[in-house]
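Keep in mind that what you see is a predicted model, and the values were worked out from it rather than measured. Note that ligands are numbered from 1 as they come in the structure, with each ligand's atoms numbered from 1 the same way.
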Amino acid sequence: MWGGRFAQGPAAVMREINASLPFDKRLWRQDIAGSIAHARMLGAQGILSAADAEVIIGGLEAVAAEYEAGDLPEDLDLEDIHMATETRLAEKIGPVAGRLHTARSRNDQVATDFRLWVRDAMDEVLGALRTLQRALVARAGEHTDAVMPGFTHLQSAQPVTLGHHLMAYYEMVERDCSRFADARARMNRSPLGSAALAGTGFPIDRHMTAQALGFDGPTDNSLDSVSDRDFALDYLMAAGQCALHLSRLAEEFVIWASQPFGFISLPDAYSTGSSIMPQKRNPDAAELVRGHAGRIIGCMTSLCITMKGLPLAYSKDMQDDKPPVFEAHDLLGLAITAMTGMVETTTFRTDRMRALAQSGFATATDLADWLVREGNVPFREAHHITGRTVKAAEEAGVGLAELPLETLRAIDERIDERVYAVLTVDASVASRRSHGGTAPEQVRARIAQAQAALDGDVAP
Ligand code: ARG
């Protein structure tokens, strides 16, 4: 491509370090689409003759058909997908192919291709996340009255419902969707026509190519356009945070599937056995969702570090932007799909959850709140009285609701038999009706909203 200036070919290692074709051939659809839009605009502007533009567009379509059939270029000497496609185009249509690169550079070309690819990736992730939300909402709806221990510090804290717990992940995924949607809206401008870095002297129409490629308009600074990879970073940051959420849910599943917890049994389809211990059912899929989060966050870090020291405008370091985005996208797709499958098919052992919710003095706060409400006791004093009550129950080896009234009254005589109404786990969860609280009626209301939003796919 630059034989005019160079007397010698590249060193073998140069050829290898320089080539991005092994990974950027994944951009072929976007590369062809960008070139067709560019050629059509060159024709419309009279920069190319209408006849040449038609020949070039027909040739690009023929190359696309070859790629579609699986005949993707492999030769490292072609360097990248842009040069590979132009080379193949020349083989098909002859020297007129050399006119396609008028008024553009690979710098704006790759920036355009990659934006188009990341935009599609965002749409794909958004679709998958909506499916995960549907699964969470469906399972939450089955379990709005299923009491389980709520934890802080992984210590039994207060009873909650399984529906409430699952809906917490719906909210996290909702924020993930909003991050991807924000990023998509922000990035949807076309860098095509920024050329190498300074724009071009040809009378191009950047609005036309932007529109043809589904962008909201052209970017406004050519230097920024060829060196901006914020869209890829936005994708990776949203992906990293999403992976982090999936990892937390996966971690819960790992804990819940363990024998001491026994809150879920994972279906065979998402478990593996042990080659030596026949009793084992290992939650491998959940562990790998957790593991993949590390790699996805690693991809995000990788591109941040690639970009952080680069002066304007394009530097070849930026060729390394694609592998981490591709890797993160593949891993995130697997993680979302696996997590969705686990949410859909896991058996929740609600008897076991209820039994544990009843065992950890989880209604102690309800006793303290009752003393405040019914006995006009200051909360700090109520906390103290409740502490002594928990100690008495622990010593007697019973739950709070099983302590006889005499024992309770010996601790504080302001307690009377009405207190038993708040000491059960069902009464406890039913009482927490504050907005966003665990009461079944609150959770059902949020589920209804979420369902409506998912049905209409409108923002909740
Ligand atoms: N393969 C290159 C990349 O991915 C395309 C841009 C090359 N630009 C250049 N000035 N050498 O970044």
Side-chain angles (χ1 to χ4, degrees), residues 1-6 8-11 13-35 37-38 60 63 67 72-90 97-98 100-121 187 190-200 209 213 219 221-233 235-236 299 302-329:
M1 290 281 172
W2 42 76
R5 170 80 173 74
F6 281 59
Q8 278 176 355
V13 67
M14 174 56 188
R15 181 175 167 268
E16 207 172 320
I17 196 175
N18 199 36
S20 53
L21 188 58
F23 53 86
D24 70 14
K25 61 184 173 196
R26 212 167 151 169
L27 297 175
W28 74 261
R29 283 173 203 283
Q30 291 75 17
D31 195 64
I32 299 270
S35 288
H38 183 65
L60 286 165
V63 174
Y67 289 173
L72 280 168
E74 304 287 344
D75 182 0
L76 293 193
D77 281 332
L78 296 169
E79 201 179 318
D80 59 25
I81 187 63
H82 324 295
M83 306 227 316
T85 300
E86 198 182 313
T87 303
R88 187 72 192 118
L89 182 67
L100 170 61
H101 214 51
T102 312
R104 77 171 183 188
S105 142
R106 275 188 295 157
N107 295 350
D108 60 335
Q109 189 179 357
V110 72
T112 305
D113 293 1
F114 198 26
R115 265 191 210 230
L116 290 171
W117 193 92
V118 170
R119 193 175 70 185
D120 287 346
M187 64 97 85
S190 173
L192 190 59
S194 298
L197 75 166
T200 175
T209 45
L213 296 170
T219 52
N221 181 302
S222 61
L223 286 168
D224 177 44
S225 302
V226 294
S227 68
D228 168 33
R229 292 295 181 271
D230 288 4
F231 59 93
L233 287 167
Y235 173 84
L236 287 171
C299 291
S302 156
L303 186 55
C304 286
I305 295 171
T306 296
M307 295 304 297
K308 70 172 270 298
L310 297 186
L312 292 177
Y314 177 87
S315 298
K316 195 64 173 264
D317 316 41
M318 290 164 68
Q319 176 164 285
D320 283 342
D321 57 359
K322 286 167 280 299
V325 173
F326 292 159
E327 184 183 358
H329 184 64

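- Put simply, the side chain of R104 reaches to within 4.5 Å of the side chain of S35, judged on heavy atoms.
- Any N or O atom pair closer than 3.5 Å counts here, and S20 shares at least one such pair with ligand 1.
- Closest protein heavy atom to atom 4 (O) of ligand 1: K322 NZ, 2.8 Å.
- If you check which protein heavy atom lies closest to atom 5 (C) of ligand 1, you get D80 OD2, 3.5 Å.
- The proximity of Q109 to ligand 1, defined as any non-hydrogen pair under 4.0 Å, does not occur for either the backbone or the side chain.
- Put simply, the side chain of E74 reaches to within 4.5 Å of the side chain of K25, judged on heavy atoms.
- Per-residue contacts place Y314 under 4.0 angstrom from the following atoms of ligand 1 (heavy atoms of the residue considered): 2 (C), 3 (C), 6 (C), 7 (C), 8 (N), 9 (C), 10 (N), 12 (O).
- Taken from CZ in F114 to CE in M318, the straight-line distance is 10.0 Å, to the nearest 0.5 Å.
- In this structure, Q30 contributes its side chain and T112 its backbone to no donor-acceptor pair below 3.5 Å.
- Under a 4.0 Å criterion applied to the non-hydrogen atoms of Q319, ligand 1 contributes the atoms 1 (N), 2 (C), 3 (C), 4 (O), 12 (O).
- Counting protein heavy atoms only, atom 10 (N) of ligand 1 is closest to N107 OD1, 3.0 Å.
- Looking only at heavy atoms of the protein, atom 11 (N) of ligand 1 is closest to R106 NH2, 3.7 Å.
- Annotation for L21 and D80: closest pair CD1-C, 3.7 Å, computed over non-hydrogen atoms.
- Looking at heavy atoms from C-beta onward, V226 lies out of side-chain contact with P191 at the 4.5 angstrom threshold.
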